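This one's a predicted model, so the numbers in the text were calculated from it and none came from an experiment. Start at 1 with the first residue, then count along the sequence.
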Amino acid sequence: MLQTVEQETGASPQWAVIWLHGLGADGNDFAPIVPELVRPGWPALRFVFPHAPVRPITINNGVPMRGWYDIVGMDFRSRADMDGVRHSVGELDALIQREIDRGIPAERIFLAGFSQGGAVILTAALQRSAPLAGLIALSTYLPEAETATRIDGAVQVPVFMAHGTQDPVIPLQVAEHTAATLRTLGVEVQWQSYPMAHQVCGEEISALADWLQTRLQAG
């Protein structure tokens, strides 16, 4: 089981958000977003921020750093080490099961990810037949989008997807192609773009809070 940083917004949480960081960061990276995101009156949530394993990253001259998979080149059609992606999907499945074992049903678990972390949660969602509350995909893309498919019996999971129009790491067009691919596969995507680089911004957090509030109230 991956090591994690956890925050609970109240006693006995019945909702969870498992949030995967980007390349070179760790589980502490997005922990400060919790007080900015959570609104008064929401049910108690458990935020789980796992640390990715340390691994050599080919595109960074093999320097070891925390990453969910290796990046082997510049071409977004083939840059992700898919064996590494699949291994991280397995690690994510274990974290989901731990939340279920702790009393939070799968339909009340959100998956969130920034950059590399987002690539993992999008890949995971296309392979799941069990329910989830939703996906939060920030400044990210779907690896091997050209050949992506959903497994038979895949459940509908709504996606909040946001990206910077000046992102120098993952170009806006790559993210837009991912959103279009997901919609072609029958996934409900709420798309947002903001005049920013490879980061998050206050307006984005506010829009995400609106999206979350809708789902928390419906659940």
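- Between Thr140 and Ala175, the closest heavy-atom pair is O-CB, 3.6 Å.
- No side-chain donor-acceptor contact under 3.5 Å links Gln127 to the backbone of Ala124.
- Shown here for Tyr141 and Pro143, the closest heavy-atom pair between the two residues is O-CD, 3.5 Å.
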Set out, in order, the CA-CA distance, both residues' side-chain angles and the distance that settles side chain to side chain contact (heavy atoms under 4.5 Å, CB included) for Arg39 and Ser206, then state yes or no. CA-CA 10 Å; Arg39 293 179 175 171; Ser206 179; 3.9 Å; yes
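- No side-chain donor-acceptor contact under 3.5 Å links Asp81 to the backbone of Tyr69.
- A distance-only check finds a donor-acceptor pair linking the side chain of Thr9 to the backbone of Leu45 [under 3.5 Å].
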Should Arg215 and Glu188 be marked as a salt bridge (Lys or Arg N to Asp or Glu O under 4.0 Å) after you check the CA-CA gap, both sets of side-chain angles, and the distance that decides it? CA-CA 13 Å; Arg215 276 141 194 87; Glu188 173 197 331; 3.3 Å; yes
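- Under a 3.5 Å cut-off, the side chain of Gln213 and the backbone N or O of Trp42 do not form any donor-acceptor pair.
- Taking the ring centroids of His198 and Phe114, they lie under the 6.0 Å cut-off.
- Shown here for Thr178 and Leu142, the closest heavy-atom pair between the two residues is OG1-N, 2.9 Å.
- Between His21 and Trp68, the distance separating the two ring centers is shorter than 6.0 angstrom.
- Judged purely by atom type and a 3.5 angstrom limit, Asp167 uses its side chain to pair as donor or acceptor with the backbone of Val169.
- Looking at Phe76 and Ile170, their side chains come closer than 4.5 Å, going by heavy atoms from C-beta outward.
- In this structure, the side chain of Glu203 does not engage the main chain of Tyr194 through any donor-acceptor pair within 3.5 Å.
- You'll find the side chain of His51 stays beyond 4.5 Å of the side chain of Thr4, heavy atoms only.
- Looking at Arg66, its side chain never comes within 3.5 Å of a backbone N or O of Pro53 through a donor-acceptor pair.
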Candidate pair Asp101 and Arg98, rule salt bridge (Lys or Arg N to Asp or Glu O under 4.0 Å), full reasoning: CA-CA 5 Å; Asp101 293 343; Arg98 185 176 69 169; over 6 Å; no
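- At distances below 3.5 Å, not a single donor-acceptor pair connects side-chain atoms of Asn61 with backbone N or O atoms of Val63.
- Glu36 contributes no side-chain N or O that, together with a main-chain N or O of Ile205, makes up a donor-acceptor pair within less than 3.5 Å.
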